[in-house]
Amino acid sequence: MKFDLHCHSSASDGTLAPAELVRRAHKNGVDVLALTDHDVTDGLAEAAAAAADLPLRFVSGVEISVTWCGKTIHIVGLGIDSENLALAAGLASVRDSRVSRGRLIAAELAKLGIEGSFEAALAYTRNPQTLSRTHFARHLVEKGYARDVRSVFHQYLGEGKPGYVPHQGATLDKAVAWIDASGGVAVIAHPGRYGHSRNQAGVLIREFRDCGGKGIEVLTASHTADQARLYAELSRKYGLAASCGSDFHSPGESRVDLGALAPLPSDLKPIWELLEIDPH
Ligand code: AMP
Ligand code: MN
Ligand code: MN
Ligand code: MN
């Protein structure tokens, strides 16, 4: 069975509609797919309906922005109930600051002579509350300020670059509690992206586990082979389940397609053992 438990649709910063994403996953041989949009669950109903017509099992998910030790990290929730009030209110509170933060990004870009990016970036969203750096990046590429989205982050929007404005996320314990309250399992997304030392990674994992977190992404598009080995080792050491997901955003932008990752090392406890996956 092929699992892809992390990807994005046009409900957040992906470019495919949820149903298109599900059909692409099926075409790529995915048997179990989770949609995990940033701080929003609006795409789940459409994705689940599309999956119901296919031999593909769908897992409702979300990726929550968290501020931990002054930096942004991402926590994926899998098998969530998006109707849960604690989760829905929590996600709304995290989305809340995205528009005002978008204005601050536009103000920084204006200082560099890039005018009008707030309205232009908003035009790339389906819901203004999901406004993200990715939407700004697509606009900047379209205007010729950079070759591709990755280069925009490198030049303007990545941490430490002139257009960088952090987004205030949830606290780690709240994000895990919302996921837990809605019946889901919490997973640390792409731990290799945070620039943590092995020691800091251990601190994060212990704190996450102490508030009820269950899993860690071992395989994800942004991990090098060394990072995959390190986080496989830490999942064994700390007794966390292992997850895998492409973090696919767009056919034109993502290096790793839906379903294209290698399988998890067979000695790890896979996160899907903790999920109720509806057979149909
Ligand atoms: P935001 O939540 O608005 O801070 O935007 C974060 C999103 O930007 C991530 O979910 C990625 O989709 C995207 N992103 C972050 N860093 C990069 C990068 N170096 N290259 C391409 N996309 C990135
Ligand atoms: Mn994203
Ligand atoms: Mn992420
Ligand atoms: Mn993601």
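One-based numbering, in listed order, for ligands and for the atoms of each.
Annotation: atom 2 (O) of ligand 1 to nearest protein heavy atom, Arg98 NH2, 3.0 Å. Distance from atom 6 (C) of ligand 1 to its nearest protein heavy atom, with residue and atom name: Arg133 NH2, 3.7 Å. At the top of the distance list for atom 7 (C) of ligand 1, counting protein heavy atoms only, stands Thr134 OG1, 3.6 Å. From the protein, the heavy atom lying nearest to atom 15 (C) of ligand 1 is Phe153 CE2, 3.3 Å.
Vertex the Mn ion (ligand 2); arms to Asp13 atom OD2 and His249 atom NE2; angle 100° (nearest 10°).
No salt bridge links Glu108 with Lys161; every basic N to acidic carboxylate O contact stays at or beyond 4.0 Å. With salt bridges taken as basic N to acidic carboxylate O contacts below 4.0 Å, one links Arg138 and Glu253. Ion pairing between a basic and an acidic side chain is recognised when a charged N comes within 4.0 Å of a carboxylate O; Arg98 and Asp39 show such pairing.
Aromatic ring centres of Tyr231 and His223: separated by under 6.0 Å. Centroid-to-centroid, the aromatic rings of His196 and Trp68 come within less than 6.0 Å.
Among the heteroatoms counted here (N, O or S) of Glu63, OE1 is the one nearest to the Mn ion (ligand 4). The N, O or S atom of His38 with the smallest distance to the Mn ion (ligand 2) is NE2.
At a cut-off of 2.8 Å, Asp247 does not coordinate the Mn ion (ligand 2) through any N, O or S atom. Contact annotation: His8 places no N, O or S atom under 2.8 Å from the Mn ion (ligand 2). The Mn ion (ligand 4) has an N, O or S atom of His6 closer than 2.8 Å.
Between His167 and ligand 1, no N or O atom pair is found at a separation short of 3.5 Å.
Contacts between Asp13 and ligand 1, counted as non-hydrogen atom pairs separated by less than 4.0 Å, involve the side chain only. Heavy atoms of His249 found under 4.0 angstrom from ligand 1 belong exclusively to the side chain.
When only modelled atom types and interatomic distance are considered, Thr171 and Asp173 share a side-chain donor-acceptor pair under 3.5 Å.
With Gln155 contributing its side chain and Val152 its backbone, the two residues share no donor-acceptor pair below 3.5 Å. No donor-acceptor distance shorter than 3.5 angstrom exists from the side chain of Asp37 to the backbone of Asp42, with no hydrogens or angles considered.
With ligand atoms numbered from 1 in the order given, ligand 1 contributes 10 (O) to contacts under 4.0 Å with heavy atoms of His38. Taking every non-hydrogen atom of Arg101 and a distance limit under 4.0 Å, the qualifying atoms of ligand 1 come out as 1 (P), 3 (O), 4 (O).
With a 6.0 Å radius and a threshold of 12 heavy atoms from other residues, nucleotides or ligands, Asp267 has its CG atom above the threshold.
Leu78 and Phe58 fall within the same hydrophobic cluster, defined by Ile, Leu, Val, Met, Phe, Trp and Tyr side-chain heavy atoms under 4.5 Å apart, directly or through other members.
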